[in-house]
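Only one structure is covered here, and it is reproduced in the block below.
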Amino acid sequence: MFKQWLSVDVTEGRAIAAIIGAAIAPWVSLIYGNGRLIPIVLLIVVIALDWITGISAALKDKTFSSEYGLRQGVPRTLFLFALPALANLLDAMLGVPGLLFYAITLGIIYHTWQSLTANAYRAGWGKWIPQSVMSHIESELKNKVDRASKNKSEFKGGNENVN
């Protein structure tokens, strides 16, 4: 039995992942509570995918603005990471075992999933999104298309005024 444990193939990728995990896990436990690494990693992945799909969609419909990304996107992302930490503190204060943490974190993950799916559709990746999923994000997609159209018209209007 121990022979199987000791015969793990240590690759460079696994070593890097172990180092990153060893560095991040104590901080996640301190900020978000013990045993909550998986929901926080899921939150990080979903937010990263939302950024990637959002940038891709904005580049496709020519509404990309670094001002929007830096001035609104970064503070929004920091806020999304702060909410589960706040919920963890409220759980500790109220003596409930993660009720608020999981409710808030799963709510953020679900909303961000809707956003990244709508962004993926806007980026032209709709053929990989099942129709059953599209029915869940119709309002999010409409809001994003409307906002992109508004930003595009403001962007064009701003350029015409400069010339």
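Position 1 is the first residue of the sequence, and the numbers go up from there.
Listed for the Arg36 side chain is a donor-acceptor partner under 3.5 Å among the backbone atoms of Tyr32. Under a 3.5 Å cut-off, the side chain of Ser135 and the backbone N or O of Ser132 do form a donor-acceptor pair.
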Decide yes or no on side-chain contact (heavy atoms from CB on, under 4.5 Å) for Ile44 and Phe81, but give the supporting numbers first. CA-CA 8 Å; Ile44 291 168; Phe81 285 127; 3.7 Å; yes
Leu43 and Leu80: side-chain contact (heavy atoms from CB on, under 4.5 Å), yes or no, with the steps? CA-CA 9 Å; Leu43 181 63; Leu80 292 177; 5.6 Å; no
Mind running side-chain contact (heavy atoms from CB on, under 4.5 Å) on Val133 and Trp113 for me, showing each step along the way? CA-CA 11 Å; Val133 172; Trp113 169 80; 3.6 Å; yes
Derivation and outcome, side-chain contact (heavy atoms from CB on, under 4.5 Å), residues Phe101 and Ile40: CA-CA 10 Å; Phe101 170 82; Ile40 295 303; 3.9 Å; yes
If you apply the rule side chain to side chain donor-acceptor pair (under 3.5 Å), what do you find for Thr112 with Asp50, and how did you get there? CA-CA 7 Å; Thr112 307; Asp50 189 35; 5.3 Å; no
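What you find for Thr53 and Asn119 is that their closest heavy atoms are OG1-CB, 3.2 Å. When all heavy atoms are compared, the tightest approach of Pro39 to Ile109 is O-CD1, 3.9 Å. Among all heavy-atom pairs drawn from Pro84 and Thr105, the shortest one is CB-OG1, 3.4 Å. Shortest non-hydrogen contact noted between Asn88 and Ile31 is ND2-O, 3.3 Å. For the residue pair Ser115 and Lys144, the shortest heavy atom distance occurs at OG-NZ, 3.0 Å. Of all non-hydrogen atoms in Asp91 and Leu100, the two that sit nearest each other are OD1-N, 2.9 Å.
Put simply, Ile20 and Leu30 are part of two different groups of oily side chains (I, L, V, M, F, W, Y) that touch within less than 4.5 Å, one to the next. Cluster annotation: Ile104 and Leu89 are assigned to distinct hydrophobic clusters (Ile/Leu/Val/Met/Phe/Trp/Tyr, side-chain heavy-atom contacts under 4.5 Å, transitive). Cluster annotation: Val41 is connected to Ile16 through the hydrophobic network of ILVMFWY side chains, with a link wherever side-chain heavy atoms come within less than 4.5 Å. Note: the hydrophobic cluster containing Leu116 does not contain Trp125 (ILVMFWY, side chain heavy atoms under 4.5 Å, direct or indirect links). Leu99 and Leu106 are not part of a single hydrophobic cluster, where members link through side-chain heavy atoms under 4.5 Å apart.
The structure places CG of Asn143 at 11.5 Å from CD1 of Ile137, a figure rounded to the nearest 0.5 Å. The distance from atom CZ of Phe79 to atom CG of Leu86, rounded to the nearest 0.5 Å, is 8.5 Å. The CG atom of Leu37 lies 8.0 Å from the CD1 atom of Ile24; values are rounded to the nearest 0.5 Å.
Using a 4.5 Å heavy-atom threshold, the side chains of Glu140 and Thr117 count as separate. In this structure the side chain of Leu141 reaches within 4.5 angstrom of the side chain of Met134, judged on heavy atoms.
Residues meeting the side chain to side chain donor-acceptor pair (under 3.5 Å) test with Asp61, sequence neighbours left out: Thr63, Arg122.
Crowding of Ile38 atom CD1: a count of heavy atoms from other residues, nucleotides or ligands under 6.0 Å not exceeding 12.
With 3.5 Å as the limit, one finds a donor-acceptor pair spanning the side chains of Trp51 and Thr77.
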